[in-house]
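Below is one structure, written out as structure tokens; comments come after it.
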There are 4 protein chains.
Amino acid sequence: MLNRVILIGRLTRDPEMRYTPAGVAVTQFTLAVDRPFSGGGQGGEREREADFIPIVTWRQLAETCANYLRKGRLTAVEGRIQVRNYENNEGKRVYVTEVIADNVRFLESGNRDNGPRDEGAPSYSGGGNNSYSGGGQGGFGGGGGNSQGGGRTGGTPRNDNRDPFSDDGRPIDISEDDLPF
Amino acid sequence: MLNRVILIGRLTRDPEMRYTPAGVAVTQFTLAVDRPFSGGGQGGEREREADFIPIVTWRQLAETCANYLRKGRLTAVEGRIQVRNYENNEGKRVYVTEVIADNVRFLESGNRDNGPRDEGAPSYSGGGNNSYSGGGQGGFGGGGGNSQGGGRTGGTPRNDNRDPFSDDGRPIDISEDDLPF
Amino acid sequence: MLNRVILIGRLTRDPEMRYTPAGVAVTQFTLAVDRPFSGGGQGGEREREADFIPIVTWRQLAETCANYLRKGRLTAVEGRIQVRNYENNEGKRVYVTEVIADNVRFLESGNRDNGPRDEGAPSYSGGGNNSYSGGGQGGFGGGGGNSQGGGRTGGTPRNDNRDPFSDDGRPIDISEDDLPF
Amino acid sequence: MLNRVILIGRLTRDPEMRYTPAGVAVTQFTLAVDRPFSGGGQGGEREREADFIPIVTWRQLAETCANYLRKGRLTAVEGRIQVRNYENNEGKRVYVTEVIADNVRFLESGNRDNGPRDEGAPSYSGGGNNSYSGGGQGGFGGGGGNSQGGGRTGGTPRNDNRDPFSDDGRPIDISEDDLPF
DNA sequence: TTTT
DNA sequence: TTTT
């Protein structure tokens, strides 16, 4: 079947990267995607103006996102909808819908203070040989820096070198003990 | 921002149509969209092979879907991701992610017994007069029957003759606030 | 059938607006969309790195594009592929492929000198009554200014930048089973 | 940048497969994609009802398409727009726009007489180990047979048993420079 | 809870 | 030049 999603929105927070026990990088963030007709037409009031859509990226793409995306940045995401479900502590089945991204395009240059300097942002940061991702698919490149899924974990899992106390207050120093699996 | 989804999958059940208190038709169904590499590659076993994605349609498109879609039918859906949330009876916030469809394409002719005869399936069942609508965007038409969002309720609200109480457990808490237009 | 295109690229020149004899606005411009892997991988040289894709917009959207887009601006376009053909002066049939846009998102604020000031750029600039476009489709709005064919005038874009998923107690239970590859 | 196209339409003819001098398989076909509102609304007459969009596939995907697609078949294509140009024999620059497909989904089973039997149609015919493609992206699988770009020539290059001289008039001037990877 |  |  076919399952394709394209979003443009802004990160609600800095992305969060983890490693699975097997050492695979996973980065999650939420994209705030403004709805059309925000404001509600003729003068009506609408409570919600945006959809907050959880994004998940894996491997090389996860690392690039963790390194170059920041809260508030305008970002394009291409991927597919995934619906997971699990049983919660009350024995109730909970459904989680996320977009598994295979392409992420950084639409804003990012003159912020934290994170790698923007000049360092890769115009293309694709993967290695086994790259599973959309290379030929409509990928990225050029201007504002960009990133594609691709490649095995490949070589160099880089550290998250941001100040763990910056910005959102939540500690980013996660050990694998914190992983829920 | 931009928010676009295109899916091809099969209905897990017959669609369910309701009317809002204001008389607006809403139809919901779930699309089973097979994941790539189902089967798990070299011989691995994967328990789940598909994503089950809830689809919501409104107005004329809702009626056409209720009339012509049936369980198992191969169907293309175009729309946007919407994330609603509400407080459940335990005071906990629940997030519901759905695809609000503005285009639905019937990819299978449907020789089944229930529902209107397939010959009756509209090659195009769009909306009102000036509506170029969702429609306009990548619309449907031709071969197997097709339907576009757009237009006023238009014409003939036909009855949903299935059991209105045959819920699937999940609350159908769609209010007119969810009307995307 | 279904026909949907989403592009992000930069204008190669200022847009050109015309009016049809019937007084309908048409605006054309070309989007330079960088190809993936520009540069040619390991050190290869490739002469051309982008596809130059002609875009056509109509009516209200045409006017907004003519007013707010300028050469070099990063722009997202949503629409459909149209293939026209005509007989040229040598009696030869010529095929012209264009993207008929129904949604255009201005991804850069535009501090340039010509054109209306950027502060004037509409966060949403929907169309008039004959609007044929994707109003309900997952359009645009917000951030950098944006435009959709069709729709209501739109109103008071409010900012909701909070993440409803922040610290909501939902476990981040992504396991390696979720690896899509 | 981002460049993504999704089409559903019918093949106007059987696909044509070639090999480049380097032995890379290339398959081309044209998709007839019905326009929305064919017929022209209120009673108007419209001469053209569809867009005829040239599709190009490479490598393993090319071979699968050549083997399993046939004239008239309803087909979904995912890919990107590519604009090539060359100087023709009169020294004039000619622009050719094609969709480079990385995912092709066979929406009809195909009970026709020619080509491999439908039972032989692969539910997934992805590539080999190095496959960079669509794979993870929202690919295909299941029901009606399906195919993704990816992988080396892989496996079993089957023969093209159609007349190699049955051209359609348009020069097939695709060189390996057009290889998108 | 699920489709082929 | 075109598909159903």
Side-chain angles (χ1 to χ4, degrees), chain A residues 1 3 83 85 87 92-95, chain B residues 7-16 28-35 38-39 47-55 69-75 77 105-110 112 118 121 123-124 140-146 166-170, chain C residues 1 3 83 85 87 92-95, chain D residues 7-16 28-35 38-39 47-55 69-77 105-110 112 118 121 123-124 140-146 166-171:
Chain A
M1 311 297 182
N3 181 339
V83 183
N85 68 79
E87 204 155 322
K92 206 182 159 190
R93 190 139 298 269
V94 179
Y95 292 84
Chain B
L7 305 171
I8 299 180
R10 292 180 187 278
L11 273 80
T12 61
R13 309 167 31 123
D14 284 0
E16 295 195 24
Q28 292 179 293
F29 56 91
T30 296
L31 219 56
V33 181
D34 289 344
R35 291 185 183 167
S38 328
E47 201 186 314
R48 288 287 270 51
E49 311 276 346
D51 293 288
F52 297 93
I53 302 174
I55 313 292
L69 283 179
R70 287 297 172 269
K71 175 180 177 177
R73 297 273 173 83
L74 190 65
T75 305
V77 161
R105 160 119 182 118
F106 309 153
L107 299 175
E108 279 180 351
S109 35
R112 306 229 173 171
D118 194 54
S123 71
Y124 167 69
F140 303 164
N146 137 49
S166 67
D167 268 357
D168 59 355
R170 292 198 301 173
Chain C
M1 312 299 182
N3 182 339
V83 183
N85 68 81
E87 203 155 323
K92 204 182 159 190
R93 190 138 299 268
V94 179
Y95 293 85
Chain D
L7 305 171
I8 298 179
R10 291 180 188 278
L11 272 80
T12 61
R13 309 166 32 121
D14 283 0
E16 294 195 25
Q28 293 179 292
F29 55 91
T30 296
L31 220 56
V33 181
D34 290 345
R35 290 183 183 168
S38 329
E47 203 186 312
R48 290 285 271 50
E49 312 276 347
D51 292 287
F52 297 93
I53 302 175
I55 313 293
L69 283 179
R70 288 296 174 269
K71 175 178 177 179
R73 297 273 173 82
L74 190 66
T75 305
V77 161
R105 159 118 181 118
F106 309 154
L107 300 175
E108 280 181 351
S109 37
R112 305 227 173 174
D118 196 53
S123 70
Y124 167 70
F140 302 164
N146 134 50
S166 68
D167 270 357
D168 60 356
R170 294 198 300 174

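Proteins get letters first, then strands, A, B, ... in listed order; numbering begins at 1 in each. As the structure is a computational prediction, the values presented were derived from the model and not from experiment.
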**Request:** Could you work out which one of F:dT3, F:dT1, E:dT2 sits closest to the side chain of C:Tyr95?
**Result:** F:dT1

**Prompt:** Whole-Å distance between F:dT3 C1' and D:Ile8 CD1?
**Reply:** 14 Å

**Prompt:** Is there ring stacking between B:Phe52 and E:dT1, where the centres must be under 5.5 angstrom apart and the planes under 30 degrees?
**Reply:** no

**Prompt:** Can you find a side chain N or O atom of B:Arg13 that sits less than 4.0 Å from OP1 or OP2 on E:dT3?
**Reply:** no

**Complete:** Taken to the nearest whole Å, CG/D:Leu11 to C1'/F:dT2 is 11 Å

**Message:** Output the rounded distance in Å from CG (D:Leu31) to P (F:dT3).
**Reply:** 13 Å

**Item:** Nearest-Å distance for atom pair CG/P, residues D:Leu74 and F:dT3
**Value:** 15 Å

**Asked** Can you tell me how far P of E:dT3 sits from CZ of B:Phe29, to the nearest Å?
**Response** 16 Å

**Prompt:** Which heavy-atom pair separates B:Asp51 from B:Arg35 by the least distance, and what is that distance?
**Reply:** OD1-NH2, 2.7 Å

**Request:** Search all heavy atoms of B:Ala50 against all heavy atoms of B:Asp34 and return the closest pair with its distance.
**Result:** CB-OD1, 3.7 Å

**Message:** Looking at every heavy atom in both D:Ile8 and D:Ala76, which two are closest together, and how far apart are they?
**Reply:** CG1-CB, 4.0 Å

**Asked** Taking OP1 and OP2 of E:dT3, is either one under 4.0 Å from a side-chain nitrogen or oxygen of B:Arg73?
**Response** no

**Request:** For the side chain of B:Arg10, starting at C-beta, report the closest nucleotide among E:dT3, F:dT1, F:dT3.
**Result:** E:dT3

**Request:** Mind calculating the distance between CG (C:Asn3) and P (F:dT3) to the nearest angstrom?
**Result:** 18 Å

**Request:** Specify the separation, in whole Å, of atom CD of B:Glu49 and atom P of E:dT4.
**Result:** 15 Å

**Prompt:** What nucleotide, of E:dT3, F:dT1, F:dT3, holds the atom closest to the side chain of B:Asp34?
**Reply:** E:dT3

**Item:** Shortest non-hydrogen separation from D:Arg70 to D:Leu11 and the atoms involved
**Value:** O-CB, 3.6 Å

**Complete:** Quick note, D:Thr12 side chain, CB onward, closest among F:dT1, F:dT2, E:dT3 is F:dT2

**Asked** To the nearest angstrom, how far is D:Arg105 atom CZ from E:dT4 atom C1'?
**Response** 9 Å

**Asked** Which heavy atom of D:Thr12 sits nearest a heavy atom of D:Ala32, and at what distance?
**Response** CG2-CB, 3.9 Å

